[in-house]
Amino acid sequence: MARIFCIANQKGGVGKTTTCVNLAAGLATAGQRVLLIDLDPQGNATMGSGIDKRSLGKSIYHVLVGLSTVTDACVRSESGGYDVLPANRDLAGAEVELVALDRRENRLRDALALHRAEYDFVLIDCPPSLSLLTLNGLCVAHGVIIPMQCEYYALEGLSDLVNSIKKVHANLNRDLSIIGLLRVMFDPRVTLQQQVSAQLESHFGDKVFKTIVPRNVRLAEAPSHGLPGVVFDRSAKGAQAYLAFAKEMIARIKT
C-alpha cells in the first residue's frame, strides 16, 4: 500500500518542486514504484519530469473535477522512471470550481482510493499557499515533508505551516503528521545557516532529516533539460544528496 507524502511549504522558492522531482527519481532508482502528483498550476514538476505541460490531453485538473480517472491522466516520466499526474494552467481554475463540488477537500483522496496498491510512494508537489489544492493534498497524505532553507524568514514561515498541519490533523485527516524537515540550498560557509540548522535540530530532534542538500548549480540546470537532477548529473553533490535522501526516506518508512 502506497505511503503518501506532501512536499509543502507556504513560502515560495524553497525547493519544493526540486525536492519532489528528485526524490521521486531517487526512489525510482532504488526500485520503488512512484507516482508524482503535480498540484501546482505552474506545472514545474511536470516539466522537470520531462513532460510538456502545453500538450497535455488530460491532467490533475480533470481528475479533481471528475472529468478523468487517475489512470487516463497519468503520464510516464521516461527520464525519471516514475508516473506523473501532470498539471498546467488549467489547474488554476480548479480552485473556483472545487468550491461548489461535494467533498471538495477530499477529491484527490477519492480519486486515489483505487490506486494505492499500485505504488510504494505517492509524492504530492503542493503550491506555496494553504489553498484548496494544498488542502486536497494534506487530506490524503500520511505525512508532510518540509523542505526549507536555513534562514531567519524560513523559521517564521515554518511556524505558520506547522500550525496549518495541526489544524488539518485535528479536523480533516487524523493520519497526517510531519515526517521531517529537509534542509536545502545549504551553504556551510554561512554562519547564519549553521546557526539555524542547529536550532532546527535542537527544536525538532529526529524530525530533521540527516541528509542536507547543498546549494548546487547542476540541480538548478536540470529542469531546463527536462530531467531530474539525479539523472542530469548523478555525480553532482546535489544529486548525490537527493539519492541519499531517497535511501533515508525508505529506511524511515520501514522503521
Undergrad: Examine I60 and V99 and state if one hydrophobic cluster contains both, with Ile, Leu, Val, Met, Phe, Trp and Tyr joined whenever side-chain heavy atoms are less than 4.5 Å apart.
TA: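 The answer is yes; both residues are in one hydrophobic cluster.
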Undergrad: How far apart are the closest heavy atoms of D83 and C74, and which atoms are they?
TA: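 Shortest heavy-atom contact: CB-SG, 4.4 Å.
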Undergrad: Under the 4.5 Å side-chain heavy-atom rule for ILVMFWY, direct or indirect, which residues accompany V14?
TA: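 Joined to V14, directly or through intermediates: none.
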Undergrad: So, taking the atom named CZ in R116 and the one named CZ in R3, what distance separates them when rounded to the nearest 0.5 Å?
TA: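 So the CZ of R116 and the CZ of R3 are separated by 10.0 Å.
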Undergrad: Can you pull the side chain to side chain donor-acceptor pair (under 3.5 Å) pairs that have at least one residue in residues 163-177, sequence neighbours excluded?
TA: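 Output for this query lists Q10-S164.
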Undergrad: Any side-chain heavy-atom pair from L108 and I124 closer than 4.5 angstrom?
TA: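 Yes, close enough: below the 4.5 Å cut-off.
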Undergrad: With heavy-atom distances below 4.5 Å as the criterion, would you say the side chains of Y82 and V21 are in contact?
TA: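 Contact flag for Y82/V21 side chains = yes.
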Undergrad: For N106 versus C139, what's the shortest heavy-atom pair and its separation?
TA: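 Looks like OD1-CB, 3.8 Å.
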Undergrad: So how far is it from M185 CE to E151 CD, rounded to the nearest 0.5 Å?
TA: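 Going from the CE atom of M185 to the CD atom of E151 covers 9.0 Å.
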Undergrad: Ignoring hydrogens, what is the shortest heavy-atom contact between P128 and D40? Give both atom names and the distance.
TA: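 It is CD-OD2, 3.9 Å.
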Undergrad: Do you know the tightest heavy-atom contact between V213 and L219?
TA: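 The pair with the smallest heavy-atom distance is CG1-CD1, 4.0 Å.
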Undergrad: Can you name the side-chain contact (heavy atoms from CB on, under 4.5 Å) partners of I178, sequence neighbours left out?
TA: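 With sequence neighbours excluded, I178 shows a side-chain contact (heavy atoms from CB on, under 4.5 Å) to I146, V162, I165, L181, given in chain and number order.
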Undergrad: Treating S197 as the side-chain partner and Q193 as the backbone partner, does any N or O pair qualify as donor plus acceptor under 3.5 Å?
TA: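 Pair absent, no side-chain N/O of S197 close to backbone of Q193.
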Undergrad: With a 4.5 Å cut-off on side-chain heavy atoms, are L130 and L138 touching?
TA: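 Of all side-chain heavy-atom pairs linking L130 with L138, at least one is under 4.5 Å.
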Undergrad: Sequence neighbours left out, what passes salt bridge (charged side-chain N to carboxylate O under 4.0 Å, His left out) with E248? Give chain and number order.
TA: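 E248 satisfies salt bridge (charged side-chain N to carboxylate O under 4.0 Å, His left out) with R252 only.
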Undergrad: Are L243 and I212 joined in one hydrophobic group, where the rule is that I, L, V, M, F, W and Y side chains link up if heavy atoms are under 4.5 Å apart?
TA: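 Each belongs to a different hydrophobic cluster.
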Undergrad: Quick one: pull up CZ in R234 and CD in Q240 and give me the separation to the nearest 0.5 Å.
TA: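 Result: 7.0 Å between the selected atoms.
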Undergrad: Restricting to non-hydrogen atoms, name the atom on A87 and the atom on S59 that form the minimum distance, rounded to 0.1 Å.
TA: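 For A87 and S59, the tightest heavy-atom pair comes out as CA-CB, 4.4 Å.
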Undergrad: Side-chain heavy atoms under 4.5 angstrom apart, residues restricted to Ile, Leu, Val, Met, Phe, Trp, Tyr: same cluster for V65 and V96?
TA: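 No; tracing contacts between hydrophobic side chains, which count when under 4.5 Å, never links both residues.
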Undergrad: Report yes if some heavy atom in the side chain of S77 is under 4.5 Å from a heavy atom in the side chain of L36; otherwise report no.
TA: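 No; the side chains remain at least 4.5 Å from each other.
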Undergrad: Output yes when a side-chain donor or acceptor of K247 lies under 3.5 Å from a complementary backbone atom of G26, and no otherwise.
TA: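 Such a contact is absent between K247 side chain and G26 backbone.
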Undergrad: If I take atom CG from residue L135 and atom CD from residue E105, how far apart are they, to the nearest 0.5 angstrom?
TA: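 Between atom CG of L135 and atom CD of E105 there are 5.5 Å.
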Undergrad: Quick one: OG1 on T18 to CD1 on I7, what's the gap to the nearest 0.5 Å?
TA: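 That separation rounds to 11.5 Å.
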Undergrad: For the residue pair M148 and L200, establish whether any side-chain heavy-atom pair is separated by less than 4.5 Å.
TA: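 Touching, per the 4.5 Å side-chain cut-off.
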Undergrad: L39 versus L64: any side-chain heavy-atom pair under 4.5 Å?
TA: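 Of all side-chain heavy-atom pairs linking L64 with L39, at least one is under 4.5 Å.
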Undergrad: For H225, does the NE2 atom sit with more than 12 other heavy atoms under 6.0 Å from it, leaving out its own atoms?
TA: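 Result for NE2/H225: enclosed.
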Undergrad: Taking L192 as the starting point, is it possible to reach F186 by hopping between hydrophobic residues whose side chains are less than 4.5 Å apart?
TA: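 No, separate clusters.
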Undergrad: Show, in sequence, the C-alpha distance, side-chain angles and deciding distance for D90 and L56, and conclude whether the side-chain contact (heavy atoms from CB on, under 4.5 Å) test is met.
TA: CA-CA 10 Å; D90 289 347; L56 295 175; over 6 Å; no
Undergrad: Less than 4.5 Å apart, any side-chain heavy atom of L91 and any of D38?
TA: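 Answer no - side chains too far apart.
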Undergrad: Could you go through L98 and L133, starting from their C-alpha distance and side-chain angles, then the distance that decides it, and tell me whether this counts as side-chain contact (heavy atoms from CB on, under 4.5 Å)?
TA: CA-CA 9 Å; L98 284 171; L133 293 174; 4.2 Å; yes
Undergrad: Work out which heavy atom in P86 is nearest to a heavy atom in T46; give both atom names and the distance.
TA: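 Smallest heavy-atom distance, with atoms named: CA-OG1, 3.4 Å.
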Undergrad: Tell me which pairs pass side chain to side chain donor-acceptor pair (under 3.5 Å) where either residue lies in residues 27-37, with sequence neighbours left out.
TA: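 Only R33-D120 qualify under side chain to side chain donor-acceptor pair (under 3.5 Å).
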Undergrad: Would a 4.5 Å heavy-atom cut-off, applied to side chains only, mark H115 and V122 as touching?
TA: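 No. Closest side-chain heavy atoms not under 4.5 Å.
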Undergrad: When you measure from the side chain of R107 to the backbone N and O of D102, does any donor-acceptor pair fall under 3.5 Å?
TA: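 Yes; at least one donor-acceptor contact below 3.5 Å.
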Undergrad: If a pair satisfies salt bridge (charged side-chain N to carboxylate O under 4.0 Å, His left out) and one of its residues is in residues 48-70, list it, with sequence neighbours excluded.
TA: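 Listed once each, the pairs are D52-R54.
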Undergrad: Below 30° counts as parallel, above 60° as perpendicular, anything between as tilted: where do the rings of F209 and F245 land?
TA: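 Judged by the thresholds at 30° and 60°, the geometry between F209 and F245 is perpendicular.
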Undergrad: Among N22, T211, T19, find the one that has a side-chain hydrogen bond (donor to acceptor under 3.5 Å, both in side chains) with Y242.
TA: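 Option passing the side-chain hydrogen bond (donor to acceptor under 3.5 Å, both in side chains) with Y242: T19.
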Undergrad: Taking a hydrophobic cluster as the set of Ile, Leu, Val, Met, Phe, Trp and Tyr residues connected by side-chain heavy atoms closer than 4.5 Å, whether directly or through intermediates, do V70 and L114 fall within one such cluster?
TA: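 No: no chain of side-chain contacts under 4.5 Å links V70 to L114.
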Undergrad: How long is the straight-line distance from CG of L23 back to CZ of F5, given to the nearest 0.5 Å?
TA: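 Reported to 0.5 Å precision, the distance equals 9.0 Å.
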